[in-house]
Amino acid sequence: MRRLVETDFDSRDTVALARDLLGKHLVVERNGQMLATLITEVEAYDGPEDLACHASKGRTKRTETLFGPPGRWYVYLCYGIHELLNVVTGPCEYPAAILIRGLESVSGPGRLTRKLKIDRRFNGREASPDTGLWIEDRGTRFDDSIVEATPRIGVDYAGEDWANRLYRFVVSEKR
DNA sequence: TAAGTGATCTCT
DNA sequence: GAGATCACTTAA
């Protein structure tokens, strides 16, 4: 069992990092209770060129976190209702992140954060026991044969090239 | 299939 | 300040 730290996320290959996040555990600690759940669905948002990445519209107050150090949480409000959880990747000044869309026990990025009570207070904070939210490698490996790569959800506005890229990784239902 | 919901960003 | 947009969910 090993906790993932900043240097585990500093690669520029966010897509590969996203793929590797499958099988890791998202760990929440609250009131002395620890809950670890397998990550089964993710999406990569890779840099200023990626028109689906928030940072492609420039560096703003909201996207500041994406430009910061890797291994931190990027949490923002979507559609006025849902808080979405991402982990920042790439070196400082390179804006990229991985959206955690689904866990073994929860599917849907909005339901996930609601269930685990994750909100914007985590934005910009480190993924570590200090914040009560982090990621661990507990030895689970999903083989490529049960991992699907698909286009990302809800990003048609990003134009054909970016919308069609296989930046979403999901563990097949039947495994 | 469409409404709900509100922060964020652009334009005035 | 107004208006458009939006990495979703739920109910119908």
Side-chain angles (χ1 to χ4, degrees), chain A residues 4 9 11-26 28 37-90 93-127 131 133-135 142 147-173:
Chain A
L4 302 193
F9 297 103
S11 163
R12 275 189 181 253
D13 194 345
T14 295
V15 178
L17 285 176
R19 164 62 182 85
D20 284 346
L21 212 51
L22 297 177
K24 302 293 187 292
H25 287 258
L26 181 66
V28 187
T37 318
L38 265 178
I39 296 171
T40 57
E41 183 181 351
V42 296
E43 282 178 4
Y45 288 87
D46 187 18
E49 311 277 296
D50 181 355
L51 296 180
C53 181
H54 288 165
S56 67
K57 295 182 185 64
R59 189 169 185 153
T60 65
K61 193 172 179 184
R62 179 176 67 154
T63 60
E64 188 60 31
T65 305
L66 290 170
F67 290 84
R72 303 210 176 184
W73 302 116
Y74 171 52
V75 185
Y76 73 97
L77 187 69
C78 183
Y79 298 116
I81 304 178
H82 301 104
E83 321 258 356
L84 267 54
L85 177 67
N86 303 245
V87 58
V88 177
T89 60
E93 305 304 316
Y94 184 78
I98 300 166
L99 169 65
I100 300 180
R101 285 190 68 89
L103 305 176
E104 191 174 37
S105 58
V106 207
S107 51
R111 300 176 66 187
L112 179 162
T113 51
R114 192 178 62 181
K115 179 170 179 182
L116 298 179
K117 295 188 170 28
I118 293 166
D119 59 30
R120 281 162 287 169
R121 287 185 305 236
F122 285 95
N123 185 52
R125 304 239 276 143
E126 194 183 353
T131 57
L133 185 65
W134 68 96
I135 297 171
F142 290 121
V147 171
E148 277 185 86
T150 81
R152 294 169 289 186
I153 305 294
V155 298
D156 289 348
Y157 66 89
E160 266 191 49
D161 179 15
W162 292 100
N164 291 333
R165 294 203 184 195
L166 305 181
Y167 278 11
R168 171 172 174 258
F169 299 96
V170 49
V171 177
S172 172
E173 293 289 328

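Here is how names work: the chains are called A, B, and so on, in the same order as the sequence lines, proteins then strands, and each is numbered from 1.
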What contact category does [X] fall into here, base, sugar-phosphate, or nothing, at under 4.0 angstrom with non-hydrogen atoms?
X      : answer
A/L99  : base
A/G110 : sugar-phosphate
A/R152 : nothing
A/R120 : sugar-phosphate

Taking for each residue the nucleotide of DNA chain B bearing the nearest heavy atom, is the 5' side occupied by A/Y79 or by A/K61?
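Checking each residue's closest nucleotide, the 5'-ward one belongs to A/Y79.
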Hey, which of these two, A/R114 or A/G80, hits DNA chain C nearer its 5' end, going by closest nucleotide?
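Final value for this comparison: A/G80.
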Please report, rounded to the nearest Å, how far the C1' atom of B/dA3 is from the NE2 atom of A/H82.
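For the pair A/H82 NE2 and B/dA3 C1', the rounded distance is 13 Å.
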Bounds of contact between DNA chain C and chain A, in 5' to 3' order, using a heavy-atom cut-off under 4.0 Å:
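Result: C/dC6 to C/dT10.
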Is any side-chain heavy atom of A/W134 less than 4.5 Å from a side-chain heavy atom of A/L4?
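SC-SC contact between A/W134 and A/L4 ruled out.
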When you compare the side chain of A/W162 with that of A/E49, does any pair of heavy atoms fall below 4.5 Å?
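Yes, at least one pair of side-chain atoms sits under 4.5 Å.
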Can you tell me the Watson-Crick or wobble partner of B/dT5, both distances under 3.5 angstrom?
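When the pairing criteria are applied, nothing turns out to pair with B/dT5, so the answer is none.
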Which one is paired to C/dA7, where only Watson-Crick or G-U wobble pairs with both distances under 3.5 angstrom count?
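Pairing partner, where one exists within any strand: none, as none qualifies.
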Between A/L133 and A/L26, is a side-chain contact (heavy atoms from CB on, under 4.5 Å) present by the stated rule, with each step listed?
CA-CA 7 Å; A/L133 185 65; A/L26 181 66; 3.9 Å; yes
Of A/D50, A/T150, A/V42, A/L99, which is the lone residue that meets side-chain contact (heavy atoms from CB on, under 4.5 Å) with A/Y167?
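Per the side-chain contact (heavy atoms from CB on, under 4.5 Å) rule, the option paired with A/Y167 is A/D50, out of A/D50, A/T150, A/V42, A/L99.
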Would you please name every residue forming a salt bridge (charged side-chain N to carboxylate O under 4.0 Å, His left out) with A/E93, sequence neighbours left out?
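Checked A/E93 against salt bridge (charged side-chain N to carboxylate O under 4.0 Å, His left out); matches are A/R59.
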List in chain and number order the residues that pass side-chain contact (heavy atoms from CB on, under 4.5 Å) with A/K115, two or more places apart in sequence or in another chain; answer none if no residue qualifies.
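side-chain contact (heavy atoms from CB on, under 4.5 Å) check on A/K115 returns A/S105, A/V106.
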